[in-house]
Participant: 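One structure coming up, written as structure tokens, with questions to follow.
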Amino acid sequence: MKIGVPKEIVPGECRVAATPQSVERLRKLGFQVQIETGAGEASDAPDALYLEAGATIVHDPAELWATSDIVIKVCAPDMHPTQGVHESTFMRPGGTLISFLWPAQNESLVETLVERNATVLAMDCIPRITRAQSMDALSAMANVAGYRAIIEAANHYPRFFAGQVTAAGKMPPAEVLVVGAGVAGLAAIGTARGLGAQVRAFDSRKEVRDQIQSMGAEFIELDFDESGEGEGGYAKAMSDAFLQAEVALLAQHALEVDIIVTTALIPGRRAPELITRGMVESMREGSVIVDLAAQQRGNCALTEADKVVVHKGVTIIGYTNLPSRMASQSSQLYATNLVNLLTELGGADGFEIDDDNEITRGALVAHGGMKRWPPPKPKSEPVPDSTPTKRADTAAPIPQEAPKQVKNDLSRWVWLVILGLAMAGIGWKAPESFLTHFTVFVLACFIGWQVIWNVTAALHTPLMSVTNAISGIIIIGGMLQLTGGEFNAAMVLGSIAVFIATINIAGGFLVTRRMLAMFHR
């Protein structure tokens, strides 16, 4: 199968969907890769590097689209500036397109791709689940945007980020306020803290308090009985009363901070206005606001998309494509997301759209000449209706479930009786030496089960909790074998078991300590 990588045509877009490093990985998956000439120049990847990686350079964009089984892009197809037609018309019937698409905002484009019998996967629709983290391009780009937001703020901020004490006097650290603690917000917090600033952060989801505090920032809490936790890992739209209370809270902090980074954005909706004109005018001269929601009209009332506005000494930065300002790094991350997705799809030899795969089904927009977006919601257990009723026919389903419950309870008791009889038989017939070891084994299994499933993950990573608990059981069993007086094979094996398990436990604590140290500032 051939993968085509066209040059991005959106003005200001410097990223590319494949880097020379990702081309090598794609070829290992069995794909042939062809790149439009100049596609990687803006991200420091000239054609020569692609040729060295084994890709083919194609000069005509129409030829590249027509000869590719799969086209991977960054931005959604758009009107081509030199060809005079829409990119979607280049696509071969039955071909596959993988890119950011935003199907809720581009319904006409989706319909056009459906008419061409295209298979379309939207990278912005990858579900935010644990198994899909390596393909989550939205999080990868948000991470870059959060980092770059602080760099842009530092470029316009006229003072130091870190506090200093010099012979000329004392300079306090910069005060940074981050509004929204999603991926971009957390990246901004980490970068600002790394530069030495004092950081405070607000989020409508109180569940992120621990994440904010673990990165060394102060969590600003709004005393309001409403949660901002939405579906798919995103914040939800809040009520007008909550927004008014939030604006009032942020207005108090705007008087004290030097830099504000806003990231409040609901996918597919206008960004809420959180920083008013009055709040901007109340900030100290030289202060900076970086609005990461500028693409949806911004969180600040004075934000202008893709412009830097200075209002009464306060700089408002409204860049809509911060990842593109770090094109090389962003392209590498995005290309890796694509490689992982194509691996999930089976590579060149086993490429398949599986409706039972929750990752590909969540990202699937069109397939087989049909629109497949939005995906169906995950199946959940039906909630029984507790509403009282006097009608006998509405109560009929209840007796139908009773035999199944009785059957489950009966089978559980049968297995308990069988297990009890087996234990009694072993105790009646087995020799005394065997019973001693068997008792230790049963107790070790029971205690080990309790230890493994009751270790607090906050104190120990879950994986290390399990491995160290099992190793602890092994050490106890090995030490019991060392209590014998005479030297035999059991004592040798017990010594080896204790030695290896001790190494495993020590290594587990060392790895855990290093992992936790990553979050300390």
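All values reported here derive from a predicted model rather than from experimental measurement.
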Participant: Taking D291 for the side chain and G318 for the main chain, is one N or O donor matched with an acceptor at less than 3.5 Å?
Facilitator: no
Participant: Do D306 and T320 have side-chain N/O donor and acceptor atoms under 3.5 Å apart?
Facilitator: yes
Participant: Any donor-acceptor pair under 3.5 Å linking the side chain of Y334 with the backbone of K73?
Facilitator: yes
Participant: Quick check: does any side chain N or O of D203 sit under 3.5 Å from a backbone N or O of G180, one acting as donor and the other as acceptor?
Facilitator: no
Participant: Hey, are D47 and T37 close enough side-chain-wise for a donor-acceptor pair under 3.5 Å?
Facilitator: yes
Participant: Indicate yes or no: at least one non-hydrogen side-chain atom of T315 is less than 4.5 angstrom from one of I289.
Facilitator: no
Participant: Are the side chain of T89 and the backbone of H86 linked by a donor-acceptor contact shorter than 3.5 Å?
Facilitator: yes
Participant: Just by distance, with hydrogens left out, do R92 and N117 show a side-chain donor and acceptor under 3.5 Å apart?
Facilitator: no
Participant: Can you check whether P375's main-chain N or O pairs, donor with acceptor, with R361's side chain at less than 3.5 Å?
Facilitator: no
Participant: I'd like to know whether OH of Y157 has more than 12 heavy-atom contacts from other residues, nucleotides or ligands below 6.0 angstrom.
Facilitator: yes
Participant: Please indicate whether F100 has more than 12 foreign heavy atoms, meaning atoms of other residues, nucleotides or ligands, lying under 6.0 Å from its CZ.
Facilitator: yes
Participant: Considering only heavy atoms from C-beta outward, does the side chain of L265 approach that of N299 to under 4.5 Å?
Facilitator: no
Participant: Quick one about Q34 and S68 (side-chain donor to acceptor, distance below 3.5 Å, no hydrogens or angles considered), yes or no?
Facilitator: yes
